[in-house]
Amino acid sequence: TMSEAAVLTDVANGVMTITINRPQAKNAVNKDVAEGIAAALDALDADDSTHVVILTGAGGTFCSGMDLKAFVTGETPYVEGRGFAGMVQRSTDKPMIAAVEGYALAGGCELAITCDLIVAADNAKFGIPEVKRGLAAAAGGLVRLPRQIPSRVAMEMALTGDFMDTDRALSLGLINQIAPAGDALAQAQALAAKIAENGPLAVKRSKQVIKESIDWSQDEMFDRQQAVVNAVFSSEDAIEGATAFAEKRKPNWKGR
């Protein structure tokens with residue numbers, strides 16, 4: 001039955017919601033979860049009418065990380081070309097929001113920081129405790145975290161394996177918003193709805209510049225940005241957005 005699927009997807013109002021659905025295993029990532037997320041992202045990429053994606057977990061927890069029982073039996077929760085959980089190496093060009101309740105630990109924390117925005121419940125905990133299991137946070141924890149929070153703090157998290165609460169996560173800019181427990185998904189949906197109202201091409205290319213420009217030198221950054229945003233300024237949507245503003249009406253986006 002669908003209710004037993006490891007990953008559930010739902011699409012409404014231009015927003016896809018992907019739910020990791022293994023609450024009995026604290027949404028640990030096994031091969032089924034990895035393949036389910038990859039399939040959902042493939043569908044998202046192919047659907048021009050869906051503009052934002054939310055990742056969340058069933059049963060009041062986000063994701064406890066890699067399924068260690070499956071790992072010990074030799075199962076690998078990776079998808080070729082997309083990496084751990086079918087998304088850590090390559091997710092999507094569209095904005096991705098993590099809606100976090102409870103634990104986002106190890107691979108679960110790495111899923112959250114792969115997303116562009118994070119809404120976390122006030123009971124959420126973030127951490128990369130891989131070292132406690134003799135493992136390393138190789139799905140983004142060691143390489144992505146120090147680009148998102150001060151490297152000293154990332155170093156502490158990686159070497160101690162200690163958890164971080166939402167107040168500290170917010171103060172460091174690791175997350176965008178704190179929601180009351182139980183409301184992370186609803187708050188992420190409100191954020192997604194705001195994004196989905198905007199020009200889809202403009203949104204995708206803006207995300208692309210912010211993500212890629214971290215590696216650009218000052219000498220080249222404006223030229224490289226121009227190559228990405230040229231298509232935005234010459235798009236039908238740019239004319240429509242300006243016209244709608246002048247006519248005091250909502251724009252009718254075409255995504256081109």
Side-chain angles (χ1 to χ4, degrees), residues 3 5-29 33-34 36-41 43-44 47 50-65 84-88 91-128 139-141 144-145 148-149 163-170 172-198 203 207:
S3 64
V7 173
L8 305 175
T9 57
D10 170 72
V11 177
N13 306 316
V15 179
M16 174 183 279
T17 303
I18 301 174
T19 305
I20 304 173
N21 186 40
R22 300 186 69 216
Q24 74 291 347
K26 293 199 164 52
N27 299 325
V29 178
V33 170
I37 292 176
L41 293 176
L44 175 77
D47 179 5
T50 306
H51 307 299
V52 188
V53 56
I54 297 170
L55 178 69
T56 194
T61 196
F62 181 69
C63 173
S64 58
F84 174 74
M87 65 170 274
V88 158
S91 57
T92 175
D93 296 341
K94 297 170 185 178
M96 192 166 193
I97 304 171
V100 178
E101 299 272 349
Y103 293 113
L105 299 180
C109 182
E110 292 171 308
L111 290 191
I113 67 171
T114 299
C115 295
D116 304 298
L117 302 170
I118 302 176
V119 175
D122 54 21
N123 66 349
K125 294 275 187 288
F126 297 86
I128 44 172
R144 247 181 205 132
L145 205 51
Q148 297 185 15
I149 60 174
F163 300 169
M164 179 181 287
D165 66 19
T166 45
D167 285 339
R168 187 161 196 221
L170 187 70
L172 290 167
L174 182 64
I175 63 177
N176 294 83
Q177 300 176 5
I178 298 179
D183 284 355
L185 180 56
Q187 206 162 300
Q189 285 166 335
L191 186 58
K194 286 185 185 178
I195 295 168
E197 282 193 358
N198 297 329
V203 164
K207 163 175 166 164

Side chain to side chain donor-acceptor pair (under 3.5 Å) involving [X] - partner list, sequence neighbours excluded:
X	answer
Thr17	none
Asp167	none
Thr114	Arg144
Thr19	none

Considering all heavy atoms, the nearest [X]-[Y] contact:
X	Y	result
Phe62	Ala104	CD2-CB, 3.8 Å
Val33	Ala28	CG2-O, 3.8 Å
Asn27	Ala58	ND2-O, 3.0 Å
Ala25	Ser64	O-OG, 3.6 Å
Ala112	Val100	CB-CG2, 4.4 Å

### Within residues 115-126 or reaching into it, pairs that qualify as side chain to side chain donor-acceptor pair (under 3.5 Å) - sequence neighbours excluded
Asp116-Lys207
Is there a donor-acceptor pair closer than 3.5 Å between any side-chain N or O of [X] and the backbone N or O of [Y]?
X	Y	result
Lys94	Val53	no
Gln148	Ile113	yes
Asn13	Ala193	no
Asn21	Ala5	yes

### Task
Not counting sequence neighbours, list each pair that qualifies as a salt bridge (charged side-chain N to carboxylate O under 4.0 Å, His left out) and has a residue in residues 13-28.
Arg22-Asp67
### Any pair counted as salt bridge (charged side-chain N to carboxylate O under 4.0 Å, His left out), so long as it reaches residues 95-106, sequence neighbours left out
none
### side-chain contact (heavy atoms from CB on, under 4.5 Å) assessment of Val15 paired with Ile97
CA-CA 10 Å; Val15 179; Ile97 304 171; over 6 Å; no
Which donor-acceptor pairs under 3.5 Å do side chains of residues 179-189 form with protein atoms, sequence neighbours excluded?
residue: Gln187; atom: NE2; partner: Gln177; partner atom: OE1; Å: 3.1
residue: Gln187; atom: NE2; partner: Ile178; partner atom: O; Å: 3.2

To the nearest 0.5 Å, tell me how far [X] [atom1] sits from [Y] [atom2].
X	Y	atom1	atom2	result
Leu111	Leu55	CG	CG	6.0 Å
Glu110	Met87	CD	CE	10.5 Å
Asp10	Ile54	CG	CD1	9.5 Å

### Task
Using ring-ring contact (aromatic ring centres under 6.0 Å, His included) as the criterion, list what pairs up with Phe84, not counting sequence neighbours.
Tyr78
Partner residues of [X] under the side chain to side chain contact (heavy atoms under 4.5 Å, CB included) criterion, sequence neighbours left out:
X	result
Ala169	Phe126, Met164, Leu174, Ile175
Ala106	Pro129, Glu130
Ala40	Thr9, Met16, Ile18

### Query
Would a 4.5 Å heavy-atom cut-off, applied to side chains only, mark Leu44 and Val11 as touching?
no
### Message
Do Pro95 and Leu117 make a side-chain contact, defined as non-hydrogen atoms from C-beta onward lying under 4.5 Å apart?
### Response
no
